[in-house]
S.K.: 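Okay, here's the structure, questions in a sec.
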There are 2 protein chains.
Amino acid sequence: MARPQDPRAKIELLKAAEAVFVEHGLERARVEEITTRAGRSKGSFYLHFSSKEEAFRQIVETLVARLGSFVDEPPPPGPVDLEVLLRRQLERSIETFEFLWMNRGVVGLLMSGGGSAEFGYLIVELEQQYRQMIERWLRWGMAQGIYRNDMDADLISLALAGAYDSLARRVVKETKRPDLRGMLLEMERFVAHAVGTPEYIAQFDSMVNNLERKRNS
Amino acid sequence: MARPQDPRAKIELLKAAEAVFVEHGLERARVEEITTRAGRSKGSFYLHFSSKEEAFRQIVETLVARLGSFVDEPPPPGPVDLEVLLRRQLERSIETFEFLWMNRGVVGLLMSGGGSAEFGYLIVELEQQYRQMIERWLRWGMAQGIYRNDMDADLISLALAGAYDSLARRVVKETKRPDLRGMLLEMERFVAHAVGTPEYIAQFDSMVNNLERKRNS
DNA sequence: CGGATAAATGACTCAGCAGTCAAGAATGGC
DNA sequence: GCCATTCTTGACTGCTGAGTCATTTATCCG
């Protein structure tokens with residue numbers, strides 16, 4: 001063997017590719033611009049990816065897979081400490097949005113369809129995953145008696161998923177890191193009122209007070 | 001003058017263009033496919049549009065303008081008949097979704113970003129318009145004392161707009177016309193619980209009962 | 001009917017760009 | 001130092017498809 005390949009090559013190409021894809025979208029992105037930005041020749045691109053689309057797929061699939069790992073299932077039915085649960089949910093949603101924020105370039109691209117119809121299914125499936133997770137939480141809360149029982153869980157889960165979706169869209173367009181915790185706490189409040197029984201809503205408010213008291217000490 | 005131009009030409013081209021754009025998106029759509037479907041020559045396209053993009057713009061701008069006409073402002077502050085208002089809002093939202101349904105091809109295309117970044121701003125602006133309308137309704141309801149006063153109107157309007165947005169996305173993908181009235185009534189219920197005071201929620205439920213009683217007679 | 005005028009056609013031009021590959025550069029082993 | 005080997009390069013090929021325009025076709029009018 002001779003001339004070992006530059007180990008930074010692929011990483012640098014992926015980084016440059018991400019930037020160019022975010023800037024122009026998949027179709028308009030030119031391979032030559034990617035390689036130029038990575039300080040390499042055009043041919044080097046094809047040493048690591050069989051096509052422009054494959055590079056895109058690698059970037060996007062990695063991201064989507066990691067986003068999928070943020071779904072959080074409801075506990076089995078039965079008595080639970082709601083305050084612990086609320087804190088966990090809030091933290092989990094903050095983590096998720098922090099991740100979205102850190103990857104706002106590609107996420108924004110995907111959310112605005114920059115990845116051509118060929119890859120649109122990835123977001124659609126992801127959104128569906130989140131919607132289904134929300135639906136399971138709803139059914140869980142209805143069974144627990146803390147959520148209203150007269151809801152169409154399918155439709156309401158769609159509405160809630162859409163609410164978070166639009167928040168994600170906004171966050172991802174921001175130039176300065178927004179107050180994610182503040183936003184997401186307000187969203188929890190919104191959800192609690194939208195789907196909770198009057199008793200749960202009262203409990204929710206006191207739990208939030210507790211949470212904030214502990215936090216400020 | 002001689003040889004008057006075929007008056008159906010432009011209309012047929014637009015119809016064909018719409019179909020091809022919906023099928024492939026703006027970038028992947030081929031002018032020749034459009035003209036073939038319209039049963040005309042490639043050159044005829046350029047007698048009516050200066051470019052592929054212009055045809056797309058005509059289709060999309062018309063649609064977006066008409067969608068913009070569905071925004072409905074809250075009344076001036078003061079006493080109102082909430083039941084009349086509720087009925088009006090429900091009917092207006094049904095009209096809107098009926099329109100989305102009828103134009104589901106292009107709407108779906110736009111919502112999934114098929115119109116390239118160049119035209120994405122049209123949807124973004126439209127969504128913003130709807131969000132702002134919702135925000136004005138929220139502030140109106142808060143001033144009227146029928147909505148909770150502890151809400152971040154900006155954030156909650158974003159959430160509600162997102163909820164309707166995701167419903168629109170679903171409707172537009174459907175193959176059979178869904179029960180729009182049923183869905184939208186459930187959405188009204190969702191909104192009432194999410195943002196209403198306990199008193200308003202109670203009133204809302206009785207108004208809905210009235211509405212449904214009258215409807216079934 | 002036949003000349004004038006304007007619409008319609010589709011073969012052609014040309015630019016852009018993905019992907020290739022022969023030539024050249026770098027490295028390891030001896 | 002020199003050869004074998006593998007990596008790297010970028011000029012080149014080929015294709016796709018937008019937009020053009022000389023030619024053909026249809027209509028009007030005297």
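Numbered from 1 within each chain, the chains take letters A, B, ... in sequence-line order. When reading the values below, keep in mind they use all heavy atoms of this one structure, side chains included, and skip hydrogens, waters and symmetry mates.
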S.K.: Would you confirm whether B:Lys52, through its side chain, and B:Glu27, through its main-chain N or O, come within 3.5 Å as a donor-acceptor pair?
M.R.: yes
S.K.: Does CZ belonging to A:Arg177 count more than 12 external heavy atoms closer than 6.0 Å?
M.R.: yes
S.K.: Can you confirm whether the side chains of B:Glu54 and B:Gln58 place a donor and an acceptor under 3.5 Å from each other?
M.R.: yes
S.K.: Select base, sugar-phosphate, or nothing to describe what A:Ser51 touches, counting heavy atoms under 4.0 Å on all strands.
M.R.: sugar-phosphate
S.K.: Should we say atom CZ of A:Arg92 is surrounded by more than 12 heavy atoms from elsewhere, each under 6.0 Å from it?
M.R.: yes
S.K.: Give the nucleotide from the list C:dA4, D:dA18, D:dT8 with an atom nearest to the side chain of A:Asp6.
M.R.: D:dT8
S.K.: So which nucleotide from D:dA26, C:dA18, C:dT9 ends up closest to the side chain of B:Leu47?
M.R.: C:dT9
S.K.: Between A:Arg40 and A:Asp6, is there a side-chain N and carboxylate O pair less than 4.0 Å apart?
M.R.: yes
S.K.: If you take any heavy atom closer than 4.0 Å to DNA chain C, which residues from residues 24-42 of chain A end up in contact?
M.R.: A:Ala29, A:Arg30, A:Val31, A:Lys42
S.K.: Which residue, B:Phe45 or B:Pro4, contacts DNA chain D at a nucleotide closer to its 5' end, judged by nearest heavy atom?
M.R.: B:Phe45
S.K.: Salt bridge or not for B:Asp165 and A:Arg169, using N-O below 4.0 Å?
M.R.: no
S.K.: I'd like to know if A:Arg3 reaches the base of D:dT5 with its side chain such that a donor and an acceptor end up less than 3.5 angstrom apart.
M.R.: no
S.K.: In whole Å, I'd like the distance from the CD atom of B:Gln5 to the C1' atom of C:dT9.
M.R.: 15 Å
S.K.: Once you round it to whole Å, what is the distance between C1' of D:dT9 and CG of A:Leu13?
M.R.: 13 Å
S.K.: Report the distance from atom CZ of A:Arg8 to atom P of D:dT8, rounded to the nearest whole Å.
M.R.: 11 Å
S.K.: Side chain of A:Tyr46: nearest nucleotide among C:dA7, D:dT8, C:dA18?
M.R.: C:dA18
